[in-house]
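This report concerns only the one structure given below.
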Amino acid sequence: MFTNNQRQEERTGKHGTPRLQYLQELVSQFQNATDEETKERIVANLANFAYDPYNYAILRQLNVLELFVDCITEPNEKLVEFGIGGLCNACAEPKNVATIVEVDGISLIIKCLSSPVRNTVNYALGALYYMCDYNRATREEILRAEVVDLIERYAAAESVSVSFSNLAKAFLDKHVHTNT
């Protein structure tokens, strides 16, 4: 369920931690974490906050989108998965897409399409689906021939993964086939 100011006050209570402070604490914990498992847990937690529009401005303020982009460059597949999951969750908001584009996140998200982790591929497909609507330059960067070819292969791979296939078909229907 999405949050609004009233619901947030009810959930936080008189002595609860305000959302900004809570998310800042998570970011600080991530920055100070030395073990991979702790980082994975924190990024997964932050990614869960990225689905709710109430948190979008806070996530931008705290540079969490940049943190997600950094995570998808890591060798740790869990950090990649949770980082791209956070980006996917946040991509419905054009201001979030602008931030991702500014930090050159598109090419990194495209690389996630080749991940061996199914969730990572699904999140990358979802993020690119939303990002195509941002502006013409973003759309052109995403709809390069090699990217469309890969997405077409996922669309055709229904016997391997129905989720890849369905999401890839939706992507192609909205962003490729309507323009031809």
Side-chain angles (χ1 to χ4, degrees), residues 1-4 7-8 11 17-135 138 141-142 147 151 154 161 163-164 166-168 170-171:
M1 172 179 257
F2 294 134
T3 305
N4 58 36
R7 181 164 157 67
Q8 185 59 32
R11 292 179 72 208
T17 304
R19 182 65 53 91
L20 174 62
Q21 181 182 342
Y22 180 74
L23 292 175
Q24 176 62 65
E25 289 171 6
L26 283 177
V27 170
S28 296
Q29 288 173 13
F30 178 84
Q31 292 168 336
N32 295 325
T34 55
D35 68 286
E36 293 293 303
E37 205 169 298
T38 300
K39 287 182 176 186
E40 292 166 6
R41 181 182 43 77
I42 294 167
V43 173
N45 199 349
L46 287 168
N48 285 333
F49 281 97
Y51 84 93
D52 191 339
Y54 181 84
N55 300 316
Y56 289 166
I58 298 169
L59 295 174
R60 287 191 304 273
Q61 178 183 344
L62 298 175
N63 298 317
V64 173
L65 299 171
E66 292 88 338
L67 184 147
F68 290 150
V69 170
D70 288 344
C71 285
I72 66 175
T73 67
E74 293 292 325
N76 178 327
E77 289 293 345
K78 286 287 188 192
L79 284 178
V80 173
E81 177 185 353
F82 299 142
I84 190 65
L87 292 172
C88 180
N89 286 346
C91 276
E93 166 63 45
K95 289 179 183 175
N96 293 343
V97 174
T99 299
I100 296 164
V101 169
E102 287 171 16
V103 297
D104 298 322
I106 294 174
S107 62
L108 297 171
I109 293 170
I110 290 170
K111 286 180 184 176
C112 289
L113 290 173
S114 300
S115 172
V117 179
R118 288 180 184 247
N119 283 343
T120 299
V121 174
N122 274 333
Y123 294 143
L125 282 167
L128 294 171
Y129 179 91
Y130 287 112
M131 292 179 80
C132 269
D133 289 332
Y134 178 62
N135 66 27
T138 299
E141 185 176 351
I142 294 168
V147 177
I151 294 172
Y154 281 132
S161 174
S163 64
F164 288 172
N166 288 343
L167 191 50
F171 181 97

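Atoms considered below: every heavy atom in the structure, side chains included; atoms not considered: hydrogens, waters and symmetry mates. The structure displayed is predicted, hence computed values, not measured ones.
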Work out which heavy atom in [X] is nearest to a heavy atom in [Y]; give both atom names and the distance.
X	Y	result
Ala170	Tyr129	O-CE1, 3.7 Å
Cys71	Phe30	SG-CZ, 4.0 Å
Ala168	Leu125	N-CD1, 4.4 Å
Glu74	Val80	O-CG2, 3.2 Å
Ile42	Leu26	CG2-O, 3.4 Å
Ala90	Tyr56	CA-CE2, 4.1 Å

What I'd like to find out is whether the side chain of Glu77 reaches to under 4.5 Å of the side chain of Pro116, using heavy atoms alone.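 Yes, side chains in contact.
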
To the nearest 0.5 Å, what is the distance between [atom1] on [X] and [atom2] on [Y]?
X	Y	atom1	atom2	value
Arg41	Glu36	CZ	CD	13.0 Å
Leu128	Ile106	CG	CD1	8.0 Å
Asn76	Glu37	CG	CD	10.0 Å
Ile58	Leu23	CD1	CG	6.0 Å
Asn89	Leu46	CG	CG	11.5 Å
Phe171	Cys132	CZ	SG	4.0 Å

How far apart are the C-alpha atoms of Leu65 and Val69, what are their side-chain angles, what is the distance that settles it, and do they pass the side chain to side chain contact (heavy atoms under 4.5 Å, CB included) test? CA-CA 6 Å; Leu65 299 171; Val69 170; 5.7 Å; no

Under 3.5 Å, is there a donor-acceptor pair between the side chain of [X] and the main chain of [Y]?
X	Y	value
Tyr134	Val101	no
Thr99	Lys95	yes
Asn119	Glu81	no

Aromatic centroids of Phe49 and Tyr22 separated by under 6.0 Å: yes

Exactly one of [options] should register a side chain to side chain contact (heavy atoms under 4.5 Å, CB included) with [X]. Which one does?
X	options	answer
Asn122	Ser115, Cys112, Ser163	Ser163
Leu87	Asn96, Ile109, Leu108	Ile109
Glu40	Asp35, Leu79, Asn45	Leu79
Met131	Cys91, Cys88, Pro94	Cys91

Greater than 12 external heavy atoms within 6.0 Å of Lys39's NZ: yes

Just checking Tyr130: does its OH atom have more than 12 heavy atoms from other residues, nucleotides or ligands closer to it than 6.0 angstrom?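 Result for OH/Tyr130: open.
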
Checking side chain to side chain contact (heavy atoms under 4.5 Å, CB included) for the pair Ile100/Phe68: CA distance, chi angles, key distance, verdict? CA-CA 9 Å; Ile100 296 164; Phe68 290 150; over 6 Å; no

Would you tell me whether Gln29 and Glu25 have side-chain atoms, one donor and one acceptor, within less than 3.5 Å of each other? no

